[in-house]
Amino acid sequence: MKSNVGGMDKILRILIGIALMVLALFGAIGAWGWIGVVPLATGLFNFCPAYKLLGINTCKR
């Protein structure tokens with residue numbers, strides 16, 4: 001897996017993922033909040049499969 005997520009994109013993914021999971025944990029948005037695992041994982045692993053398919057790369061070279 002070649003990194004394709006970087007910079008501000010990575011930070012936003014991690015923050016949004018954590019926020020969604022916390023809201024789900026407290027029942028504010030229901031079970032759908034656990035979808036926050038996806039942006040959290042893509043931010044932590046610096047790789048987004050959708051970016052790969054679309055040819056997008058926000059990682060500095």
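We count residues from 1, following the sequence as given.
- Residues Trp34 and Leu44 share a hydrophobic cluster, clusters being chains of Ile/Leu/Val/Met/Phe/Trp/Tyr side chains in contact below 4.5 Å.
- Ile35 and Ile29 fall within the same hydrophobic cluster, where Ile, Leu, Val, Met, Phe, Trp and Tyr residues are linked whenever their side-chain heavy atoms come under 4.5 Å apart, directly or through other members.
- Checking Lys10 against Asn46 by side-chain atom types alone, a donor-acceptor pair falls below 3.5 Å.
- Using a 4.5 Å cut-off between side-chain heavy atoms of Ile, Leu, Val, Met, Phe, Trp and Tyr, with links allowed through other members, Ile16 and Leu23 fall into the same hydrophobic cluster.
- Screening Thr42, Thr58, Asn4 for a side chain to side chain donor-acceptor pair (under 3.5 Å) with Asp9, the sole residue that qualifies is Thr58.
- The CD1 atom of Ile14 lies 6.5 Å from the CG atom of Leu40; values are rounded to the nearest 0.5 Å.
- Residues Leu54 and Val5 share a hydrophobic cluster, clusters being chains of Ile/Leu/Val/Met/Phe/Trp/Tyr side chains in contact below 4.5 Å.
- Trp32 places none of its side-chain heavy atoms less than 4.5 Å from the side chain of Leu20.
- Closest heavy-atom contact between Pro39 and Gly36: CD-O, 3.2 Å.
- Remark: Lys52 NZ to Lys2 NZ distance equals 7.5 Å, nearest 0.5 Å.
- In this structure, Phe26 is not a member of the same hydrophobic cluster as Leu15, with clusters built from ILVMFWY side-chain heavy atoms closer than 4.5 Å.
- Cation-pi geometry between Arg13 and Tyr51 is satisfied (NZ or CZ under 6.0 Å from the ring centre, within 45° of the ring normal).
- Closest heavy-atom contact between Ala24 and Gly30: CB-O, 3.5 Å.
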